[in-house]
Protein chains: 2
Amino acid sequence: MKDVPVEIQPEMCKVTDALGILVGKWKPVILLHLLNSGTQRFNELKRSLPGITQKMLTNQLRELEEEDIIERKVYAQVPPKVEYSVTEYGRSLEPILHAMHEWGAKHTIHKQSKKHNQAEAK
Amino acid sequence: MKDVPVEIQPEMCKVTDALGILVGKWKPVILLHLLNSGTQRFNELKRSLPGITQKMLTNQLRELEEEDIIERKVYAQVPPKVEYSVTEYGRSLEPILHAMHEWGAKHTIHKQSKKHNQAEAK
DNA sequence: CGGAATCCTTTTGGATACTG
DNA sequence: CAGTATCCAAAAGGATTCCG
């Protein structure tokens, strides 16, 4: 049995793969929102995400769609109607999102206590 | 009881917080490597990560250090000796890394079957 | 040995205006 | 309504040189 090679690269890293899909200023937020609101139209999303521009919303949605994480359903109507929802495959990201959320909640505390200590030391 | 506000921003998102720490081309790879190799010197790390430049290695290490994820220990010697290791706090990221790795492994399959289907459809 | 400094290219993100 | 298209600023990443 051979040893695992010690030479590592980002391209071979499974963690990096997963990470790449979630990276983007609004992607986690969009995903979380879709996960607990179910299907949403473009402008519904936009209203729920104050501060996002159309361009960014479109952009992030497209990237998530390319990765098969969300589904885009276009209705042939005037005016147009487009619905977005998380695919079943997309739901497989939930454990990751959950782990991150858990960690993030504790992290907030950690950061606060660090700042507190630094303030004391000053 | 008031409803949870539907207005969301990246800055309020715990998931985004966690994500921010792991983001960086080499951060996950460095972290994983340190996690199962224990303490490593700068050049040991560099050798284990072919393709990385000193600048990037320094850069990513500094950012992880700032977040208190890794520890940097400098020995007052000539020639210099600097050791890096994961802090206990850093180890709290393991569930996230694990979830990502698990997902990444399956994702590879998913991508392959997608490409396969596309090749067929051509 | 373990960097810092500089310069450059690429990638992201933002503002704004226009359109089927 | 749900987008494009442009242009621009900021951030990330890369190559190279120099240093205590």
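What you see is a predicted model, and the numbers here were worked out from it, not measured in a lab.
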Round to the nearest Å and state the distance from A:Gln77 atom CD to D:dA2 atom C1'.
-> 12 Å
Take the C1' atoms of the five end pairs on each side of the helix from C:dC1-D:dG20 to C:dG20-D:dC1, derive the two axes, and give their angle rounded to 10 degrees.
-> 50°
Counting any heavy atom closer than 4.0 Å, what does A:Glu44 reach on the DNA or RNA strands: base, sugar-phosphate only, or nothing?
-> nothing
B:Leu19 has an atom CG; how far is it from atom C1' of D:dA12, in whole Å?
-> 15 Å
From CE of A:Met56 across to P of C:dT16 the rounded distance in Å is 16 Å
d(OH, B:Tyr75; P, D:dG20) in whole Å = 25 Å
Of A:Leu61 and B:Lys25, whose nearest nucleotide on DNA chain D comes first from the 5' end?
-> A:Leu61
State the NE2-CG distance between A:His101 and A:Leu32, to the nearest 0.5 angstrom.
-> 7.5 Å
Determine which pairs satisfy salt bridge (Lys or Arg N to Asp or Glu O under 4.0 Å) with at least one residue from residues 97-107 of chain B, sequence neighbours left out, and list them in order.
-> none
In whole angstrom, give the distance that lies between atom NZ of A:Lys46 and atom P of D:dC1.
-> 11 Å
Measure the acute angle between the ring planes of B:His107 and A:Tyr89, then classify it against the limits of 30° and 60° as parallel, tilted or perpendicular.
-> parallel
Residues which pass side chain to side chain donor-acceptor pair (under 3.5 Å) with A:Ser92, listed by chain and number, not counting sequence neighbours | B:Trp103
Separation of D:dT4 atom P from A:Leu57 atom CG, nearest Å, is 11 Å
Mind calculating the distance between CZ (B:Phe42) and C1' (D:dG20) to the nearest angstrom?
-> 15 Å
Side chains of residues 11-27 of chain A: which donor-acceptor partners sit under 3.5 Å, not counting sequence neighbours?
| unit_1 | atom_1 | unit_2 | atom_2 | d |
| --- | --- | --- | --- | --- |
| A:Lys14 | NZ | B:Thr108 | OG1 | 3.1 |
| A:Lys27 | NZ | A:Val23 | O | 3.0 |
| A:Lys27 | NZ | A:Glu63 | OE1 | 2.6 |

Please tell me which of A:Val23 and B:Arg41 maps to the more 5' nucleotide of DNA chain C, matching each residue to the nucleotide holding its nearest heavy atom.
-> B:Arg41
Which parts of nucleotides 4-9 of chain C does protein reach within less than 4.0 Å, heavy atoms only, written one letter per nucleotide 5' to 3' as B for base, S for sugar-phosphate only and - for none?
-> S-B---
For A:Asn59 and C:dA15, what is the distance between atoms CG and P respectively, to the nearest whole Å?
-> 14 Å
Using a cut-off of 4.0 Å on non-hydrogen atoms, how would the nucleic acid contact of A:Lys81 be classed: base, sugar-phosphate, or nothing?
-> sugar-phosphate
Just by modelled atom types, is the A:Ser85 backbone N or O under 3.5 Å from a matching donor or acceptor in the A:Thr39 side chain?
-> no
Short side-chain to backbone donor-acceptor contact, B:Glu65 and B:Arg62, under 3.5 Å | no
Just grab all the salt bridge (Lys or Arg N to Asp or Glu O under 4.0 Å) pairs involving residues 81-100 of chain A, residues at least two apart or on different chains.
-> A:Lys81-A:Glu83
Under 4.0 Å: is that the gap between some side-chain N or O of B:Gln60 and OP1 or OP2 of D:dA12?
-> no
A:Thr53 vs A:Pro80, nearer the 5' end of DNA chain C by closest nucleotide | A:Thr53
Find the distance between CD (A:Glu67) and CG (A:Leu93) and round it off to the nearest 0.5 Å.
-> 10.0 Å
Does the B:Thr87 side chain pair with the main chain of B:Glu71, one donor and one acceptor, at a distance under 3.5 Å?
-> no
Distance below 4.0 Å between A:Tyr84 side-chain N/O and D:dC1 OP1 or OP2 | no
